[in-house]
Amino acid sequence: DYRSNLSLVPTSAFTGEGVPDLLMLVIQITQQLMTHKLEYMPWPEATVLEVKSIEGLGTTIDIVLLNGELHQGDTIVVCGMNGELHQG
């Protein structure tokens, strides 16, 4: 329970270590506090946190899904600084 316990998340501003853990904690607390205000939308909308290349998987993205659902095999469009990004 976030009201009776203090959560400490070690982070580093230099290396970025711990930032994903901090984001996860903030998202979990937000979900607990705002469950009654959630709205379902039929189209997915997300915020991209990080784009990286992982050997064996290729280019991957870490996102926070704001609404909707994503399923395996779905096509997504990601906008970059110079328009939409696509594989091909």
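Residues: numbered from 1 along the sequence shown. Values below: all heavy atoms of this structure, side chains included; hydrogens, waters and symmetry mates excluded.
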For residues 72-80, dump all side-chain donor-acceptor pairs below 3.5 Å to protein atoms at least two apart in sequence or in another chain.
| residue | atom | partner | partner atom | Å |
| --- | --- | --- | --- | --- |
| Asp74 | OD2 | His71 | N | 2.7 |

Among all residues two or more places apart in sequence or in another chain, which pass the side chain to side chain contact (heavy atoms under 4.5 Å, CB included) test with [X]?
X: Pro44; answer: Leu65, Leu70
X: Val19; answer: Leu23
X: Thr30; answer: Val26, Met34
X: Leu66; answer: Glu45, Thr47, Val64

* Check the hydrophobic clustering (I, L, V, M, F, W, Y; side-chain heavy atoms under 4.5 Å; chains of links allowed) and say if Ile27 and Leu49 are grouped together. =>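 Ile27 clusters together with Leu49.
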
* Pairs flagged by salt bridge (charged side-chain N to carboxylate O under 4.0 Å, His left out) wherever residues 55-65 is involved - sequence neighbours left out ->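 Qualifying pairs, neighbours excluded: Lys52-Asp62.
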
* To do: Name all pairs fulfilling the salt bridge (charged side-chain N to carboxylate O under 4.0 Å, His left out) condition that reach into residues 11-20, sequence neighbours left out, sorted by first residue then second.
  =>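 Sorted result for residues 11-20: empty, none.
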
* Asked: Heavy atoms, side chains only, cut-off 4.5 Å: are Thr59 and Val51 in contact?
  ->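 Yes - at least one pair of side-chain heavy atoms lies under 4.5 Å apart.
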
* To do: Starting at CG of Leu22, measure out to OG of Ser7 and round the result to the nearest 0.5 Å.
  =>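 So the CG of Leu22 and the OG of Ser7 are separated by 10.0 Å.
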
* To do: Could you identify which residues cluster with Ile54, counting Ile, Leu, Val, Met, Phe, Trp and Tyr as linked when any side-chain heavy atoms lie under 4.5 Å apart, either directly or through a chain of such contacts?
  =>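 Grouped by the 4.5 Å side-chain rule, Leu57 form the rest of the cluster around Ile54.
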
* Under the 4.5 Å side-chain heavy-atom rule for ILVMFWY, direct or indirect, which residues accompany Phe14? ->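 Under the 4.5 Å side-chain rule, Phe14 groups with nothing.
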
* Set of residues satisfying side chain to side chain donor-acceptor pair (under 3.5 Å) with respect to Ser12, sequence neighbours excluded ->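 Side chain to side chain donor-acceptor pair (under 3.5 Å) list for Ser12, sorted by chain: Thr15.
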
